[in-house]
Amino acid sequence: MTLTQEAPVVTATVVRRKPRSRDGWATAIMVAPATVLYTVMLIIPVGLALYLSLTDWDGFSANPAFVGAANYVNLLDDPELRRAALVTLLVAAAGTAGLNLLGLGFALLVNGVSRANTFFRIVLFYPHVLSALVVGFLWSAILGTTGAVNNLVTTWGGEVLPFLSDPTWATITMIAVLVWAGFGVNVVLYLAGLQAVPHSLIEAARIDGATRWQVFRNVTLPALGPSVTVNIVLSLVTLLKTYDLVVSLTAGGPAGQTQTVAYLILWNSFHDARLGFGSAQSVLLMLVTAALAFVVTRLRRRGELAVHQ
């Protein structure tokens, strides 16, 4: 008998890949809208501001006069800019502290699922929905020399309180209104961070006998590190470019004592028709804002790593 053995038949499946060029075109098409928007809304305006900062232009003449770095040299000798820079830094520092302290405090109070907490979350966030111009006019009507508060004070025999007429009072009032109008966003962001804190860690700490303060300091706050970083950077960047509320609340007064850098930029650019000088100020503000945001982020990251180690 002859035995025959057939060899197994091996079939190979050929996988055909699409040409890489097609993948590249598909990626380019999907990225194109965002790229165009980013270029039109950011790259071109920044480039135009850099160019105008090197010119002496009133905003109307056809050919801006090129002056090189003269605008930047003049910035160093501008007393108004130095005063506005101090006001802006004070507003940014005090406002960032107020926004985050109030935001975190109220987030802890309304952190929970209940109808009351839902209601209070809406109430806390509502001021942020209002336009900054509306907020400024509203508080100007309340705290102005002839506003509602001073009318009550004088009716009761008291003296007019200089909320907006004294430089120190006006600065404090402006910071307070900024915090009132903006801390609702911080509440929302901190609430999102609190939802991510592992509940098991909190329960374990309570079982070990930790008090509420110890649980917050040793468990909740370290877990909120990323939320704290985001809130601080967003608050700082927002406050450094404060303009619209200054216009409607104090108009830069009294005697220019509450002018911020952003307010001064628009005043020099359009009221004084010094668009080149205003562009140089805006470039300087952009660089300072970016540098401060970078430094704060780096410091916060180091702090978060130190806590986790």
Side-chain angles (χ1 to χ4, degrees), residues 10-55 57 64 66 72 92 96 99-100 103 107 121 125 128-129 131-132 182 184-198 222-244 261-262 265-266 269 275-276 278-309:
V10 179
T11 59
T13 303
V14 178
V15 179
R16 295 183 178 179
R17 293 184 178 180
K18 295 181 180 180
R20 291 185 178 272
S21 59
R22 294 185 181 179
D23 295 338
W25 278 108
T27 303
I29 292 173
M30 289 187 289
V31 173
T35 303
V36 171
L37 185 63
Y38 184 80
T39 302
V40 172
M41 300 300 295
L42 184 64
I43 301 299
I44 293 178
V46 170
L48 184 60
L50 287 171
Y51 165 71
L52 291 177
S53 69
L54 302 175
T55 66
W57 190 41
F66 184 79
Y72 293 97
T96 298
L99 286 171
N100 284 275
R121 290 177 186 180
F125 187 76
H128 183 72
V129 178
S131 167
V185 176
N186 300 81
V187 172
V188 173
L189 294 175
Y190 278 122
L191 280 172
L194 289 171
Q195 301 302 318
V197 177
L224 285 176
S227 297
V228 173
T229 301
V230 170
N231 274 287
I232 290 177
V233 173
L234 287 179
S235 301
L236 183 65
V237 171
T238 300
L239 292 172
L240 284 173
K241 57 185 181 66
T242 299
Y243 163 73
D244 38 11
V261 174
I265 288 171
L266 291 216
S269 298
L275 205 60
S279 298
Q281 291 176 320
S282 66
V283 171
L284 180 62
L285 177 61
M286 178 181 63
L287 294 176
V288 171
T289 302
L292 287 177
F294 176 77
V295 170
V296 170
T297 303
R298 293 283 295 180
L299 292 176
R300 284 295 311 159
R301 294 299 184 191
R302 288 183 181 179
E304 293 173 23
L305 292 175
V307 169
H308 290 295
Q309 289 176 355

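In this text, all values refer to a predicted model and were calculated from it rather than measured experimentally. Numbering of residues begins at 1 and proceeds along the displayed sequence.
- In this structure, L54 and Y72 approach most closely via the heavy-atom pair CD2-CE1, 3.9 Å.
- When all heavy atoms of P45 and V40 are compared, the closest pair comes out as CD-O, 3.2 Å.
- Open room surrounds OH on Y38; 12 or fewer heavy atoms of other groups in view lie less than 6.0 Å from it.
- Here the straight-line distance linking atom CG of N100 with atom CG of N231 works out to 5.0 Å at 0.5 Å rounding.
- Between L99 and G182, the shortest heavy-atom distance links the atoms CD2-C, 3.5 Å.
- Between A92 and T96, the shortest heavy-atom contact is O-OG1, 2.5 Å.
- Looking only at side-chain heavy atoms (C-beta outward), M286 and V46 come within less than 4.5 Å of each other.
- We find the CG-OG1 distance between L236 and T289 to be 7.5 Å, quoted to the nearest 0.5 Å.
- Within the 4.5 Å cutoff, side-chain heavy atoms of L240 are placed close to those of L292.
- Atom-to-atom distance recorded for I29:CD1 and W25:CH2 is 7.5 Å, nearest 0.5 angstrom.
- Every ring pair (Phe, Tyr, Trp, His ring centres under 6.0 Å) that F125 has, sequence neighbours left out, goes to H128.
- Rounding to the nearest 0.5 Å gives a distance of 13.5 Å between OG of S282 and NZ of K241.
- Here the closest heavy-atom approach between residue L239 and residue T242 is recorded as O-OG1, 2.7 Å.
- No donor-acceptor pair closer than 3.5 Å links the side chain of T238 to the backbone N or O of S235.
- For the pair S53 (side chain) and L50 (backbone), a donor-acceptor distance under 3.5 Å is present.
- By the side chain to side chain contact (heavy atoms under 4.5 Å, CB included) test, L52 pairs with L48, T55, W57, L275, S279, sequence neighbours left out.
- Rounding to the nearest 0.5 Å gives a distance of 4.5 Å between OH of Y243 and CG of L266.
- Put simply, CG on L234 and CG on L189 are 6.5 Å apart, with the number rounded to the nearest 0.5 Å.
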